[in-house]
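Heads up, the thing below is written out as structure tokens.
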Amino acid sequence: AQSVTQPDIHITVSEGASLELRCNYSYGATPYLFWYVQSPGQGLQLLLKYFSGDTLVQGIKGFEAEFKRSQSSFNLRKPSVHWSDAAEYFCAVDETDSWGKLQFGAGTQVVVTP
Amino acid sequence: DGGITQSPKYLFRKEGQNVTLSCEQNLNHDAMYWYRQDPGQGLRLIYYSQIVNDFQKGDIAEGYSVSREKKESFPLTVTSAQKNPTAFYLCASSDRNEQFFGPGTRLTVL
């Protein structure tokens, strides 16, 4: 079955430290890939997306993600975390022929400590 | 400002009652979606519509119904047939590049 896996349910990171969130997918072709962020009780905001081309994608709020076809991964990174980055992060996949129908991972909750 | 509005923000329902959640967008998007969010499960697709007067079931459509009479509006009805309706409901619309999400409605069944 096609799926999106975020292996880490919960990550705690110190302010100023680097952050990496993992995402793996199981689709036959290269899908469209997204990372969203959600603050408590709010909707989702798009951080970045990958459709094709350069496999290193820059997003908002200082985030970047790298697409690795050989590993079916699309990991999200930030070099230096700020307290405001505490939130839940979702990886999502859009099969290229489904036009916007997203499959989401279960999410990773990020806690930032002083 | 263009965006997606959902109302109400909080909704309480007694068991056995139907309830309708509102979703409106002024982004001129053809496609709209309803998701359900439960802790630890991410977002699951309930229904989606790619054009007015047409919609398709998502992964968890049982106990829900929708309509798409206008491009701007995609209301979701949670019926009494939905066994466990307490959840956070998110509406989204999309162009071909990105989905945009509303602020959500938290439904609690008493």
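Side-chain atoms are counted along with the backbone in the values below, which use heavy atoms only and exclude waters and symmetry mates. Order of the sequence lines sets the chain letters (A, B, ...), proteins ahead of strands, with each chain counted from 1.
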Hey, is NZ on B:K14 packed in by over 12 heavy atoms from elsewhere, all under 6.0 Å?
no
Please classify the contact between B:D59 and chain A as side chain, backbone, both or neither, with a heavy-atom cut-off of under 4.5 Å.
side chain
Mark yes when over 12 heavy atoms from residues, nucleotides or ligands other than A:Q58 sit less than 6.0 Å from its CD; otherwise mark no.
yes
What part of A:Q38 lies closer than 4.5 angstrom to a heavy atom of chain B: side chain, backbone, both or neither?
side chain
Other residues, nucleotides and ligands only: do more than 12 of their heavy atoms fall within 6.0 Å of CD1 on A:I9?
no
Working to the nearest 0.5 Å, report the span between CZ of B:F101 and CD of A:Q42.
14.0 Å
Okay, A:Q103 and chain B: the region with an atom under 4.5 Å from a heavy atom over there is side chain
Around B:I51, counting heavy atoms of other residues, nucleotides and ligands shown, do more than 12 lie under 6.0 Å from its CD1?
no
Smallest separation among heavy atoms of B:E98 and A:Y36, with atom names:
CG-OH, 4.4 Å
Output all residues satisfying ring pair (Phe, Tyr, Trp, His ring centres under 6.0 Å) with A:F90, sequence neighbours left out; order by chain, then residue number.
none
Can you tell which of B:Q37, B:Q56, B:R106 has the highest number of heavy-atom pairs within less than 4.5 Å of chain A?
B:Q37
Chain A contact via B:L45 - which portion, at a heavy-atom distance below 4.5 Å:
side chain
Under 4.5 Å from a heavy atom of chain B, the part of A:L44 involved:
both
Should A:V110 and A:L48 be counted in the same cluster of Ile, Leu, Val, Met, Phe, Trp and Tyr side chains packed under 4.5 Å apart?
yes
Reported OH-to-CG distance for the pair B:Y35 and A:L102, which is rounded to 0.5 angstrom:
4.0 Å
Would a hydrophobic clustering, with Ile, Leu, Val, Met, Phe, Trp and Tyr connected at side-chain separations under 4.5 Å, put A:I60 with A:F74?
yes
